[in-house]
There are 2 protein chains.
Amino acid sequence: MKKGEKRKQDLLKIAYDMFLSHGYENTSVDEIIEKAQIAKGTYYHYFKSKEQMLEEVIEMMIEREAEAAKQIIEMDIPVPQKIAGILSSVKPAEAEMPIEDALFHPENALMHNKVRKKLIDVLTPLLSEVVREGTEKGIFECDNIPERVRMLLVISNGTFNEGTFSERDITVFIDTAEKILGAEKGTMSFIYGLIDKSDMETDE
Amino acid sequence: MKKGEKRKQDLLKIAYDMFLSHGYENTSVDEIIEKAQIAKGTYYHYFKSKEQMLEEVIEMMIEREAEAAKQIIEMDIPVPQKIAGILSSVKPAEAEMPIEDALFHPENALMHNKVRKKLIDVLTPLLSEVVREGTEKGIFECDNIPERVRMLLVISNGTFNEGTFSERDITVFIDTAEKILGAEKGTMSFIYGLIDKSDMETDE
DNA sequence: TAAAACCGACCGATAGTCGGTTTGGAGGCA
DNA sequence: TGCCTCCAAACCGACTATCGGTCGGTTTTA
């Protein structure tokens with residue numbers, strides 16, 4: 001890696017950490033260059049704007065998530081499990097990350113949304129391939145697979161990523177997923193056990 | 001209405017127009033007070049910050065949408081039509097508004113998302129009541145109505161409000177809606193005719 | 001020796017502050 | 001009723017701090 005390339009990666013890493021811990025809006029370019037020990041001019045030698053830097057940071061995040069998804073696909077596990085695994089990428093499950101937590105603070109809605117939107121775009125084709133595999137094995141029966149998959153991702157995202165959710169939400173989600181993909185009732189019910197109950201409502 | 005209250009409403013109206021036409025981020029407080037012919041201090045007498053003003057503007061928008069939804073519910077039309085009508089509130093249909101158009105410009109992602117998130121919260125109970133009515137009439141058959149309704153709103157929002165969508169998306173949405181609510185196949189297919197094709201992909 | 005990397009003073013715009021002035025209406029009083 | 005007092009709400013605009021971004025120039029590197 002060339003000298004400049006290394007520096008750029010360092011800057012991205014620093015920004016990545018700061019954006020997540022304090023939010024994009026609350027992180028100033030001055031703070032970034034101060035932590036990186038470089039001058040303003042150097043920063044703008046590598047990035048044409050703060051927002052363009054955000055795009056690259058998001059790119060980094062997406063690539064990681066996509067890589068994780070691809071690994072799940074390669075695994076020798078039942079198709080429904082693969083789907084559940086990838087679905088967990090959109091929603092922060094029991095994964096190792098304090099990363100995602102910060103993403104939910106109201107402060108950085110901008111980054112939050114850019115990430116999720118792109119993530120859905122990236123995951124749709126990957127997950128579609130898995131579903132197609134499932135139809136061949138007779139587990140699912142449906143047409144328009146990419147559209148259905150995207151819909152699942154949108155639901156998962158919109159249901160489990162916005163604040164809290166209830167046990168019923170999980171039940172309904174499983175039911176809906178089965179119906180969208182044309183699966184036997186109960187095929188996906190194991191998902192219930194995978195959901196991270198920590199941010200679930202306890203009452204009602 | 002007291003003097004001050006009137007002024008505040010005027011300011012909100014001005015901000016509402018400007019936020020929609022130029023975006024929240026691209027509208028400065030200076031521009032607002034210039035158009036309103038008041039001083040900086042006066043502005044901050046009514047709003048503690050620009051963002052807090054945005055909250056109030058959004059509140060205004062939500063109330064209007066909710067009011068429109070309530071009117072649809074009161075109407076003497078078949079239950080599925082009511083649902084389609086309210087669903088159209090989340091998604092800009094052939095309605096009279098140049099309003100919504102501006103909401104989609106990438107510039108004001110912030111406002112866009114705040115509005116949609118809140119709108120879903122407000123519409124969920126209203127639409128749930130309609131669906132309950134539908135179950136009584138035997139049109140739908142499902143449990144956990146609020147959760148299912150919210151899911152429908154999330155899908156509608158995530159599918160038809162993010163950039164472009166295809167004819168297949170509509171087909172799949174209708175199919176999914178019927179399955180989520182436990183309706184006969186074809187019950188909701190008239191939705192197809194309601195979708196504003198103007199922002200639909202033409203190719204593929 | 002040229003390009004890439006780097007520097008930091010400077011700039012314009014912007015959200016928000018602050019100390020002070022004006023206004024209008026409620027209450028006291030003749 | 002008419003007038004005065006007084007206080008809070010309404011209003012003012014100069015000022016500040018911060019921030020993203022620019023620019024002309026210097027140093028490093030291959």
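Order of the sequence lines fixes the chain letters, A, B, ..., with proteins taken first and strands second; residue numbering starts at 1 for each chain.
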Query raised in the report: Going by atom types alone, do B:E167 and B:Y192 pair a side-chain donor with an acceptor below 3.5 Å?
Result: yes
Query - Residue-phosphate contact under 4.0 Å: B:R7 side-chain N/O, D:dA9 OP1/OP2 - result: no
Query raised in the report: Are the side chains of A:L153 and A:V149 in touch, meaning some heavy atoms are under 4.5 Å apart?
Result: yes
Requested in this report: May I have the distance from A:Y44 (atom OH) to D:dG24 (atom C1'), rounded to whole angstrom?
Outcome: 17 Å
Requested in this report: Flag the pair A:K82 / A:E74 as yes when at least one side-chain heavy-atom distance between them is below 4.5 Å, and no otherwise.
Outcome: no
Requested in this report: Counting heavy atoms from C-beta on, name the nucleotide in D:dC12, C:dG16, C:dC7 closest to the side chain of B:K50.
Outcome: C:dG16
Report task. Using whole Å, report how far CG of A:N26 lies from P of D:dC19. Result -> 10 Å
Query raised in the report: Are A:H45 and C:dC6 close enough that a side-chain N or O sits under 4.0 Å from OP1 or OP2?
Result: no
Query raised in the report: Atom CG of A:L11 to atom C1' of C:dC7: distance rounded to whole Å?
Result: 14 Å
Report task. Would you mind reading off the distance between B:D10 atom CG and D:dA10 atom P, rounded to a whole angstrom? Result -> 13 Å
Requested in this report: Give B:Y43 one of three labels, base, sugar-phosphate or nothing, depending on what nucleic acid heavy atoms sit under 4.0 Å from its own.
Outcome: nothing
Report task. Looking at every strand, decide which applies to B:K40 at a 4.0 Å heavy-atom threshold: base, sugar-phosphate, or nothing. Result -> base
Query raised in the report: From C:dG16, D:dG21, C:dC6, pick the nucleotide closest to the side chain of A:Y46?
Result: C:dC6
Query - Value in whole Å for how far the P atom of C:dA15 lies from CD1 of B:I38 - result: 14 Å
**Report entry** B:F165/B:F173 aromatic ring centres below 6.0 Å
**Finding:** no
Query raised in the report: Hey, does the side chain of A:E141 reach the backbone of A:L181 with a donor-acceptor pair shorter than 3.5 angstrom?
Result: no
Requested in this report: Check every strand shown and say whether B:T42 touches a base, only sugar-phosphate, or nothing at a heavy-atom separation below 4.0 Å.
Outcome: base
Requested in this report: Specify the separation, in whole Å, of atom CG of B:D30 and atom P of D:dC15.
Outcome: 15 Å
Report task. Mind calculating the distance between CD (B:E34) and P (D:dG13) to the nearest angstrom? Result -> 13 Å
Query raised in the report: For A:Q52 and D:dG20, what is the distance between atoms CD and P respectively, to the nearest whole Å?
Result: 15 Å
